[in-house]
A.B. asks: 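Encoded as structure tokens, here's the structure I'll be asking about.
Positions are given from 1 along the sequence.
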Amino acid sequence: MATTTALVPAAPVHATTTRVPSMRLGACPESMPVPAAPDRVECGWLSVPLDWEHPDGERISIALSRVRASGPPGERRGILLVNPGGPGGPGLAYAVTKRAKLPERVRRSYDVIGFDPRGTGQSAPADCGPMGGLFDSPGAEPVPSGQTAEKAYLDSLRRMADDCAAGVGDALEHLSTTQTTRDMDAIRSALGERRIGFLGVSYGSYLGAAHAALFPQRVGRMVLDSVVGPGDWYDFDLRQSRALLRQREVFFAWAARYEERFGLGGSAGRVRDAYRQARQGLATRPVNGFGAAEFDRAVYRALGRTERWEGLAAGIGAYLHDSSTELLRPAAPFGDAASRTYESANRVVKCADGPGPTPGRVTADLRRLRQRDPQPIVTGIEASACTYWHHIPAHSTRLGSPEAPAALLIASEHDPVTPIEGARQLRQRLPGSRLVTLHDDYSHGVFASRGSKCVDSAAAAYLVDGTVPVTDVHCEGPGLPTPRVPNE
């Protein structure tokens, strides 16, 4: 790892600032995880305007949590606001679950603050109702082929936009990343801090960069992990879909190396054939509501984390062997309350963050993806719903600022969910920032997640000491996993 240079200031321990209306932290919901003793978690609500441009108008409540720094006051560096990603993901419990994985130095130095961003979890959750049939079981074929299927696909996007407009109502344009950054600043003010320390993963990196654009002087030490990068959401979704196709080929070759374990074939081509056979079988004859759409969602979820590859390969094998889909099904059913809120908030936030594509572009891009591969993974092209959105934003979300302190960006070399080029592009909007790359790694989420001492020590030194590496940092990753022996 490179030696370090410039120091990034932390927030003063006893900062004073103009406060928003008072906030009390107390007992948490029963569903909240509990940190190991003697640490404890507190929860509360913060009232904020639905529209920060009209602060005297309608208000909503933001749910937040806090686990205080475990070290003595002299070690405290301020607050570390954390976000696990999305858009659409709740973050209330993340103050406990992510903190438990952080290096001890970080836990001793920061009050870790979690929150449900507006539209998610318990913070004015978005409800788009049926979402154009998204929760139908089995779902419609997600990859349209031919003009009739393409028209039906566009029709489902129109119905999804209509459902979100009906369900979310006047809040539709206000559940945006920019509005959430203002909520973050209100949290800062309510807690009496001059700056926000921030750890954002995936969409959390986008949220952190947007906060830096709006409040560069109130940014403390900021770690952006698995970076979305600048640009419109629809362009990002397409970039992700292409990366997932590359990752799927790596998965096919990996599964072929373990033919005796999975029985899918001894070459990438044979595994690919087995994959297509399974998908076609489920498209033709779904098993208890599990069809092509459900299969694609399982693949989408698994490809982003290599520890899930074994389950995916075993699940494909089990289906081909005896038509069982149990290993492919999610732990919680798609369509439960949590997934409905997530999917609703995901579309609402993406479509509030910038203009969407035209119908012609959507169909043209689908055709281009099918030219790359007859069975692309389009599950993550969520911003296609913005095609028919009822509110069209005037501009895209601003990210980054030359006035913000140097940030630490972290990326996995082969992450298909947030491809590494996004981190390289965002770094240009945060001058002085450094990129920590975990090479020979294929998973999404790196810091305090992949078990890399190189990554974790660099991030801890930055957060606790404020030291910024002289140059980018390059860490050796774990490579691809070795499957467990059955019944191990």
Side-chain angles (χ1 to χ4, degrees), residues 20-21 23 25 29 43-66 81-95 113-129 131 164-165 167-191 196 198 200-215 218 228 233 337-354 382-383 385-386 389-391 393 396-399:
V20 296
M23 173 185 63
L25 294 175
C43 296
W45 301 89
L46 181 65
S47 175
V48 299
L50 173 63
D51 179 5
W52 278 96
E53 296 299 319
H54 298 89
D56 296 327
E58 182 181 350
R59 302 185 76 81
I60 59 174
S61 294
I62 303 299
L64 66 152
S65 58
R66 176 176 66 189
L81 198 65
V82 294
N83 181 272
L92 192 69
Y94 204 54
I113 311 297
F115 73 111
D116 288 342
R118 56 172 59 205
T120 77
Q122 300 179 47
S123 300
D127 182 2
C128 288
M131 295 191 74
C164 284
V168 179
D170 293 340
L172 194 69
E173 65 182 282
H174 304 305
L175 301 184
S176 67
T177 295
T178 298
Q179 295 279 353
T180 298
T181 65
R182 293 183 176 273
D183 299 340
M184 291 165 58
D185 192 59
I187 293 172
R188 173 203 61 76
S189 181
L191 293 174
I196 289 178
F198 185 75
V201 183
S202 195
Y203 165 69
S205 68
Y206 184 94
L207 184 58
H211 181 264
L214 204 58
F215 301 105
R218 298 175 189 171
V228 169
W233 278 115
S339 59
R340 285 177 180 271
T341 298
Y342 178 92
E343 300 294 341
S344 296
N346 176 279
R347 276 37 169 223
V348 172
V349 172
K350 285 190 171 185
C351 297
D353 280 356
E382 297 137 343
C386 308
W389 215 243
H390 288 220
H391 167 75
S396 297
T397 305
R398 291 173 50 221
L399 299 180

A.B. asks: Do Asn83 and Tyr94 come within less than 4.5 Å of each other through their side chains, counting heavy atoms only?
C.D. replies: no
A.B. asks: Does any N or O in the side chain of Asp116 come within less than 3.5 Å of the main-chain N or O of Gln122, such that one atom is a donor and the other an acceptor?
C.D. replies: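 Looks like yes, one N/O pair under 3.5 Å.
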A.B. asks: Between Cys128 and Cys164, is the disulfide (SG to SG under 2.5 Å) condition met? List the steps.
C.D. replies: CA-CA 4 Å; Cys128 288; Cys164 284; 2.2 Å; yes
A.B. asks: With a 4.5 Å heavy-atom cut-off, do Ile60 and His174 have their side chains touching?
C.D. replies: no
A.B. asks: With a 3.5 Å distance limit and no angle check, can you tell me whether Thr341 reaches the backbone of Gly121 through a side-chain donor-acceptor pair?
C.D. replies: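 Here the side-chain-to-backbone pair does not exist.
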A.B. asks: Within a strict 4.5 Å, meaning less than it, do heavy atoms of the Pro117 and Asp183 side chains meet?
C.D. replies: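 Side chain of Pro117 against side chain of Asp183, heavy atoms only: no contact under 4.5 Å found.
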A.B. asks: Mind checking salt bridge (charged side-chain N to carboxylate O under 4.0 Å, His left out) for Glu173 and listing every partner two or more places apart, or none if nothing turns up?
C.D. replies: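 For Glu173, no residue satisfies salt bridge (charged side-chain N to carboxylate O under 4.0 Å, His left out) once neighbours in sequence are set aside.
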A.B. asks: Using the ring pair (Phe, Tyr, Trp, His ring centres under 6.0 Å) criterion, which residues pair with Phe215? Sequence neighbours excluded.
C.D. replies: His211
A.B. asks: Within this structure, what is the CD1-CG distance for the pair Ile113 and Leu25, rounded to the nearest 0.5 Å?
C.D. replies: 7.5 Å
A.B. asks: Would you say Arg182 and Leu214 make side-chain contact, with heavy atoms under 4.5 Å?
C.D. replies: yes
A.B. asks: What closest approach, in Å, do Gly204 and Phe198 show between heavy atoms, and which atom pair accounts for it?
C.D. replies: O-CE2, 3.1 Å
A.B. asks: A side-chain contact here means heavy atoms from C-beta on lying under 4.5 Å apart; do Asp127 and Arg340 qualify?
C.D. replies: no
A.B. asks: Decide yes or no for Gln179 and Leu50: does some side-chain heavy atom of the first lie under 4.5 Å from some side-chain heavy atom of the second?
C.D. replies: no
A.B. asks: Can you tell me how far apart CG (Asp51) and OG (Ser176) are? Round to the nearest 0.5 Å.
C.D. replies: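 Going from CG on Asp51 over to OG on Ser176, the span is 9.0 Å.
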A.B. asks: Are Tyr206 and Asp353 close enough that some pair of their side-chain heavy atoms sits under 4.5 Å apart?
C.D. replies: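 Yes - at least one pair of side-chain heavy atoms lies under 4.5 Å apart.
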A.B. asks: Go through it in stages, so that I can follow the logic: the residues are Glu382 and Trp233, the test is side-chain contact (heavy atoms from CB on, under 4.5 Å), and I'd like the CA-CA distance, side-chain angles, deciding distance and then a yes or no.
C.D. replies: CA-CA 8 Å; Glu382 297 137 343; Trp233 278 115; over 6 Å; no
